[in-house]
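Heads up: the structure comes next, in structure tokens.
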Amino acid sequence: MRTNGIHANLSSDFVLRKFAGENESNNMKKLLVANWKLNPQTLNEAKKLFKEVSNFKIHDPRFELVICPPFVFLSDIRNLTSEIRLGAQDVFWEHKGAYTGEVSAEMLENLGVEYVIIGHSERRKWLKETDEMINKKVLAALGAGLKVILCVGEPLTIRKRGLTAAKKYVGAQLKKDLKKIPKSQTPRLVVAYEPIWAIGTGKHDNPSGTVEMTKFIKHVSCIMYHVSGMRVLYGGSVNSGNAEMFLEKKEIDGALIGGASVKPKEFGKIIKIAQRLS
Ligand code: PGA
């Protein structure tokens, strides 16, 4: 089985071993990314949510936490503390000019934002973002010094055909989304595997399938773009009841969490799991 020139199910262990000197993923701390999406509705609620989350010992060397509020709350949350790692949920590819409504990577960087989520399936769906647009965003964000969390994942129709079909789909996304990324910038790249059918549905992936996909993503990125040591996260209905199943796998470097990240108690339990497993 070939996926855009890459073997979908062979030799990923070989490639990962080959790069083992550089690839520290197995020893890396778990990364939790809280994707607040279009929540909450007011600045006061956003500050309250942030403060509640901060009560869970979030400055812990055992794991890394990134909070991704809507653009409009970034600055106020940054003003509450300089300690937290902030992420944005999107970015535009141009630096400046006549692009009404857009936000540049430089603007984010200037606010003290460290990470940016790019290519989320909700933006692919509702905003009709294409892989070409996503690729331009990835290049702009990396070029501005941001860390990129690139989201990839297959729809249910593809997954129903099996994991090999899903790998082929994800491999094609990676090929387009990561086109022309400079090798020097690849250490700032994280990929989130988010099967579309698992996002916000309460139906999470099977962790062994996620492990296989994670290895495949590392393998493809390594072969195509010489990306080594890259973290791959899982996202899709992660909650306190299933987080351990994913985070305990050494191949899965963390989680991108939507719904559960805006429920402080629930999110606190996930934080504790990440601390224990890191
Ligand atoms: P979910 O969202 O945890 O609510 O499924 C994950 C995501 O969309 O990033």
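- A 4.5 Å side-chain heavy-atom check between Leu32 and Ile270 finds at least one atom pair inside the cut-off.
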inquiry  = Walk me through whether Ile118 and Val91 qualify under side chain to side chain contact (heavy atoms under 4.5 Å, CB included).
reply    = CA-CA 7 Å; Ile118 298 179; Val91 66; 3.8 Å; yes

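- Of the charged side-chain nitrogens involved, at least one lies within less than 4.0 Å of a carboxylate oxygen, so that Arg231 and Glu64 count as a salt-bridged pair.
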- Query: Between Glu154 and Trp197, does a side chain to side chain donor-acceptor pair (under 3.5 Å) hold up when you go through it step by step?
  - Reply: CA-CA 8 Å; Glu154 79 289 349; Trp197 48 270; 3.0 Å; yes

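- With hydrogens and angles left out, the side-chain atoms of Glu102 and Trp93 include no donor and acceptor closer than 3.5 Å.
- Note: Thr201 OG1 to Ile199 CD1 = 8.5 Å, rounded to the nearest 0.5 Å.
- Applying the 4.5 Å side-chain rule to ILVMFWY residues, one finds Leu31, Val33, Val66, Tyr115, Ile149, Val190, Leu233, Leu256 in the same cluster as Ile117.
- The shortest side-chain heavy-atom distance between Asp76 and Phe50 does not fall under the 4.5 Å cut-off.
- Ala34 approaches Phe267 most closely through the heavy-atom pair CB-CZ, 3.8 Å.
- Taking a cutoff of 4.0 Å between a charged side-chain nitrogen and a carboxylate oxygen, Lys30 and Asp253 do not qualify as a salt bridge.
- Going from atom NZ of Lys183 over to atom CD1 of Ile181 covers 10.0 Å, rounded to the nearest 0.5 Å.
- The two residues Ile158 and Ala165 make their nearest non-hydrogen contact at CG2-O, 3.5 Å.
- With a 4.5 Å cut-off on side-chain heavy atoms, Phe246 and His204 count as touching.
- Side-chain atoms of Gln173 never come within 3.5 Å of backbone atoms of Val152 as a donor-acceptor pair (strictly under, hydrogens ignored).
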Working note: Asp90 + Lys137, criterion side chain to side chain contact (heavy atoms under 4.5 Å, CB included); need CA distance, chi angles, decisive distance, verdict.
CA-CA 8 Å; Asp90 184 40; Lys137 292 181 176 199; 2.9 Å; yes

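- Residues Leu43 and Ile77 are members of one and the same hydrophobic cluster, defined by side-chain heavy-atom contacts under 4.5 angstrom among Ile, Leu, Val, Met, Phe, Trp and Tyr.
- In terms of heavy-atom proximity, Ala144 sits nearest to Ala105 at CB-CB, 3.5 Å.
- Residues in residues 196-206 take part in these salt bridge (charged side-chain N to carboxylate O under 4.0 Å, His left out) pairs, two or more places apart or across chains: Arg159-Asp205.
- Note on Arg124 versus Asp177: salt bridge recorded, some NZ/NE/NH1/NH2 to OD/OE distance being below 4.0 Å.
- When all heavy atoms are compared, the tightest approach of Ser184 to Pro187 is O-CD, 3.4 Å.
- Atoms CD1 and OG, from Ile67 and Ser54 in turn, are 7.0 Å apart once rounded to the nearest 0.5 Å.
- Looking only at side-chain heavy atoms (C-beta outward), Glu45 and Phe73 stay at 4.5 Å or farther from each other.
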Report task. Output, in order, the C-alpha distance, side-chain angles, deciding distance and verdict of side chain to side chain contact (heavy atoms under 4.5 Å, CB included) for Glu244 and Ile273. Result -> CA-CA 6 Å; Glu244 183 153 0; Ile273 293 168; 3.9 Å; yes

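- The shortest distance between side-chain heavy atoms of Pro155 and Ile196 falls below 4.5 Å.
- The pair Lys37-Glu122 meets the salt-bridge criterion, with a side-chain N (NZ, NE, NH1 or NH2) lying under 4.0 Å from an Asp/Glu carboxylate O.
- Counting only distance, with no hydrogens or angles, the side chain of Arg188 and the backbone of Leu146 share a donor-acceptor pair below 3.5 Å.
- Rounding to the nearest 0.5 angstrom, the gap separating the CG atom in Leu49 from the NZ atom in Lys263 is 12.0 Å.
- By the 6.0 Å contact criterion, NZ on Lys272 is open, its count of non-hydrogen atoms from other residues, nucleotides or ligands being 12 or less.
- Between Lys167 and Glu212, at least one side-chain N (NZ, or NE/NH1/NH2) sits under 4.0 Å from a carboxylate O, which counts as a salt bridge.
- A donor-acceptor pair under 3.5 Å is formed between the side chain of Gln89 and the backbone N or O of Cys68.
- Scored by the side chain to side chain contact (heavy atoms under 4.5 Å, CB included) test, Val103 finds Phe71, Met107, Leu108 as partners (sequence neighbours excluded).
- In terms of hydrophobic clustering, with Ile, Leu, Val, Met, Phe, Trp and Tyr side chains grouped at heavy-atom distances under 4.5 Å, Trp126 and Leu38 are assigned to different clusters.
- Going from atom CG of Leu139 over to atom CD of Gln185 covers 8.0 Å, rounded to the nearest 0.5 Å.
- No continuous path of hydrophobic side-chain contacts links Val116 to Met133 [ILVMFWY only; heavy atoms under 4.5 Å].
- Under a 3.5 Å cut-off, the side chain of Ser237 and the backbone N or O of Ala198 do form a donor-acceptor pair.
- Atom CD of Glu106 and atom CD of Glu109 lie 8.0 Å apart (nearest 0.5 Å).
- A salt bridge does not link Asp131 to Lys179: none of the charged side-chain nitrogens sits closer than 4.0 Å to a carboxylate oxygen.
- When side chains are defined from C-beta on, Asn55 does not count as touching Val53, because their heavy atoms never get closer than 4.5 Å.
- Judged by distance alone, the side chain of Gln275 and the main-chain N or O of Phe63 form no donor-acceptor pair under 3.5 Å.
- Looking at Tyr225, its side chain does come within 3.5 Å of a backbone N or O of Lys175 through a donor-acceptor pair.
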Between side-chain atoms of residues 80-88 and protein atoms elsewhere (two or more places apart, or another chain), which donor-acceptor pairs fall under 3.5 Å?
unit_1, atom_1, unit_2, atom_2, d
Thr81, OG1, Glu83, N, 2.8
Arg85, NH1, Glu114, OE1, 3.4
Arg85, NH1, Glu114, OE2, 2.7

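- Looking at Glu251 and Tyr234, their side chains never bring a donor and an acceptor atom within 3.5 Å of each other.
- Side-chain contact check for Ile217 versus Thr214: every heavy-atom pair is 4.5 Å or farther apart.
- In plain terms, the two heavy atoms of Ser221 and Leu178 that are nearest each other are OG-CD1, 4.3 Å.
- For Arg78, there are no side-chain hydrogen bond (donor to acceptor under 3.5 Å, both in side chains) partners, not counting sequence neighbours.
- A pairwise comparison of heavy atoms in Phe56 and Pro264 identifies CE1-O, 3.3 Å as the closest pair.
- Phe92 meets the ring-ring contact (aromatic ring centres under 6.0 Å, His included) test with Tyr99; sequence neighbours excluded.
- In this model, no donor atom of one side chain and acceptor atom of the other lie less than 3.5 Å apart for His120 and Glu129.
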message: Between Asn206 and Thr210, is the side chain to side chain contact (heavy atoms under 4.5 Å, CB included) condition met? List the steps.
response: CA-CA 6 Å; Asn206 165 350; Thr210 305; over 6 Å; no

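- The closest side-chain heavy-atom distance from Met230 to Thr186 is not below 4.5 Å.
- Transitive grouping of hydrophobic side chains (ILVMFWY, heavy atoms separated by less than 4.5 Å) keeps Leu163 and Leu156 in distinct clusters.
- Residues Lys48 and Glu52 are paired through a salt bridge, judged by an N-O separation under 4.0 Å between the basic side chain and the carboxylate.
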